[in-house]
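Here's the structure, in structure tokens; my notes come after.
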Amino acid sequence: MEGSPQLVVPEIAPSPAQPKSPSSRFTRWLMANQVQPVGPGAEEEHAQPQSWWKVMCLTGVDYFSTLSYLPAIAVLAAGALSPLATAFIVALTLLGMLPMYRRVAAESPHGQGSVAMLERLLPFWRGKIFVLVLLGFVATSWLVTITLSSADATVHMLENPYLPSFLHGHAVLITVALLLLLGGVFLLGFSEAVVVAIPLVAVFLLLNGVVVAVSLETIARQPDLLADWTTALTSHGTGFTAIIGPAVLAFPLLVLGLSGFETGVSMMPLVAAEGRTPAERLANRIANTRKLLTTAALIMSVYLLLTSFVTTVLIPPDEFGPDGEANGRALAYLAHRLLGENFGTVYDLSSIAILWFAGASAMAGLINIVPRYLPKYGMAPEWGRAVRAVVLVYTSISIIITIAFRADVNAQAGAYATGILAMMLSAAIAVTISAHRQGQRGSTAGFALLSVILLYALVENIIEKPDGIAISAMFIAGIIIVSLVSRVTRTTELRADRIEFDPIARRLITDAVTNDNALNIIANKRQAGDVAEYAEKEAAQRSLNPIPGHVDLLFLEVEVTDPSNFSDILKVRGVKINGYKVLRVDSPAVPNAIAAVLLTLRNVTGIRPHCFFEWSEGSPLVHLVRYLILGEGDTAPVVHEILRKRDEDPARRPAIHVGG
């Protein structure tokens, strides 16, 4: 039947909502690269996939750049116990975070991370609102990563003795310039960002290796330094509580060193993969992403342990204070003191560069995750998938945040830590539930313990810096408000990715066209679905509307599936019920599906359909709310409005008849 040449309807028809091509050269350039909502990584179109180690360098500009300030934070938090507190972070990295995100990579391999895993747990609007809250924390974490890292780069720049004096006092202006430069790199493309990231990471790690090696050699030549440290280590007692307690209490302040994992999995679609089939390529991408995560974690763990040790032993405690030269830049302090001002300046330049570009990791994460949700939910315009357009939006927001906080690193630290911890906690909860559902008791217990640890760190961070959760709440509220406004403004769009007709539907439509050279369609909300219902519906419509005498009538029925979804593939199924011909469709919204089917029938047959309705009883306001939330209401006027917006010619668009 499908291959019969007389069938007037194809098996698959494109959506009548195909977007218009941009008219200007600038608009075409701006909209050129689009992030797909979800799909095999091999089908990603907005960027050229890169080798896993190259993508690791892009995630590493955020992850590895924490070496610029984390050792100093560790000493301020734990004093002489800093190496022990850092050892806890390393243990958590290798035994908790790495296994967790390796699992996230396997279970959410299209760049959506733990958000997608948790989205599947809650249906309908609850799931959408939950995702919006998580995206609020994602936006908090990654946007503040961009602004805080650039502000920290400015601090390192202003601390260098060779900086021209006229730049002092202009931290906000310098930070804004760095943000504009970062946005400019991403406007060029993802590949250009990778090209910049590779040498930055390589040089930074090499210079840190030199500082660590010289520091260890200095400690070996001066045994008194090590003796002084061990004395300080036991100055408050030698018991378990005296040593372990302060290190555990310092832990929440050091979790910033774990910031690279979520961006690592968010960039999975950009990791190159090999294989003959989509399944093989997906499996290879998962394996390559796991290599990325493991390699980055091992490199960072070694550096964290060594840098924490040498900075604690070699730098006087007073230098870590607010007015100290090692405040927030312990390794830079050692670079200047042990290797001279020239090497120190080179180290400063490397720190400034990697801190500036640390925002690239967050920018790439935002590009790869947010457009996969909001446009799909109808909670952002379709241009929200365009990489260059969202880069401009994120850069603008980053500049506003920088001006609002006056490029103050400390003022943004609370929001940064809150966002990161909330993201990691959501991932821990997701993999705990996943392991439990698969009956893996050991993994469930381990990930549950990790969830408790991260929850403790989040609560402690909120208590210590309550402004962080307040800023996160502002981001969450902003995303929810903007998303709901966008959803309302887009409700009358055609919301069909494409239309598929089954063989029976194609035959029923073809018969109607062949017999009458017309398409007369009655919109029906199915109840019992029996002969009596269709006979009664036809009689009622003939009494209300100008339906021609003896013609083939088609009944069109739309069943609402998940009204919180925005668009879907419309699958039209044909059914014959004792001579009555019925077309049935599942869709998130009734009027949009009817309009899409009518326009598609007109486009593929060349015949203008006539569709017959009756007025619905009840308040128009109630019907509007029902349509926005449940996908159904007073269908006829909404169908007419959708058609009117899509086709300005009344004589050409499908005819709507409403009686009653």
Side-chain angles (χ1 to χ4, degrees), residues 60-94 97 149 152-153 155-156 159 200-222 225-226 228-230 232-233 246-247 250-251 253-260 295-317 319-321 324-339 343-344 346-355 358 409:
V61 289
D62 174 27
Y63 193 25
F64 300 142
S65 69
T66 58
L67 291 172
S68 294
Y69 53 83
L70 201 61
I73 293 176
V75 174
L76 282 175
L81 294 171
S82 168
L84 186 56
T86 304
F88 284 156
I89 290 294
V90 169
L92 183 68
T93 297
L94 299 179
M97 304 300 293
S149 298
D152 204 12
V155 170
H156 280 70
E159 290 287 339
L200 290 182
V201 168
V203 171
F204 183 71
L205 292 179
L206 176 62
L207 292 176
N208 275 282
V210 172
V211 173
V212 168
V214 173
S215 298
L216 291 174
E217 190 268 338
T218 302
I219 294 172
R221 285 191 293 103
Q222 302 180 43
L225 294 171
L226 195 57
D228 292 341
W229 173 63
T230 55
L233 194 64
F251 155 74
L253 299 175
L254 305 182
V255 291
L256 301 183
L258 305 175
S259 60
T295 304
L298 291 173
I299 292 172
M300 189 62 173
S301 296
V302 172
Y303 270 98
L304 279 176
L305 288 172
L306 293 176
T307 56
S308 176
F309 174 70
V310 299
T311 53
T312 304
V313 173
L314 290 175
I315 301 176
E319 296 291 350
F320 292 100
E325 294 184 24
N327 180 32
R329 53 193 306 272
L331 290 169
Y333 175 92
L334 290 179
H336 282 275
R337 288 302 176 93
L338 299 180
L339 292 151
F343 182 90
V346 172
Y347 184 88
D348 284 342
L349 291 173
S350 178
S351 296
I352 292 166
I354 198 168
L355 283 168
V409 174

Margin query: Can a donor-acceptor pair be found, under 3.5 Å and without considering hydrogens, that links the side chain of T230 to the backbone of L226?
Written below: yes
Note to self: Under a 3.5 Å distance rule, please check whether Y347 uses its side chain to pair with a backbone N or O of L207 as donor and acceptor.
What the structure shows: no
Next item on the list: With side-chain contact (heavy atoms from CB on, under 4.5 Å) as the test, would you mind laying out the steps for L334 and T218 before giving the verdict?
Entry: CA-CA 11 Å; L334 290 179; T218 302; over 6 Å; no
How long is the gap from [atom1] on [X] to [atom2] on [Y], to the nearest 0.5 Å?
X	Y	atom1	atom2	result
S308	I89	OG	CD1	10.5 Å
T93	L304	OG1	CG	7.0 Å
L306	S215	CG	OG	10.0 Å
Y333	L338	OH	CG	9.0 Å
L70	T86	CG	OG1	6.5 Å
I315	E325	CD1	CD	10.5 Å

Margin query: The test is side-chain contact (heavy atoms from CB on, under 4.5 Å); show your working for R329 and V155 and say whether it passes.
Written below: CA-CA 9 Å; R329 53 193 306 272; V155 170; 5.5 Å; no
Check: What orientation do W229 and F309 show, parallel under 30°, tilted 30 to 60°, or perpendicular over 60°?
Finding: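 The rings of W229 and F309 stand perpendicular, inter-plane angle above 60°.
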Next item on the list: Please determine which of L200, V201, N208 meets the side chain to side chain contact (heavy atoms under 4.5 Å, CB included) test together with F204.
Entry: N208
Please report the shortest heavy-atom distance between [X] and [Y], naming the atom on each side.
X	Y	answer
G79	T312	O-CG2, 3.9 Å
Y63	A297	OH-CA, 3.8 Å
N327	F320	OD1-O, 3.6 Å

Note to self: Quick check: do V90 and V302 have side-chain heavy atoms less than 4.5 Å from each other?
What the structure shows: no
Notebook entry, point to check: Residues two or more places apart in sequence or in another chain: which of them pass side chain to side chain contact (heavy atoms under 4.5 Å, CB included) with L355?
Noted result: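 S65, S68, Y69, D152, A153, H156.
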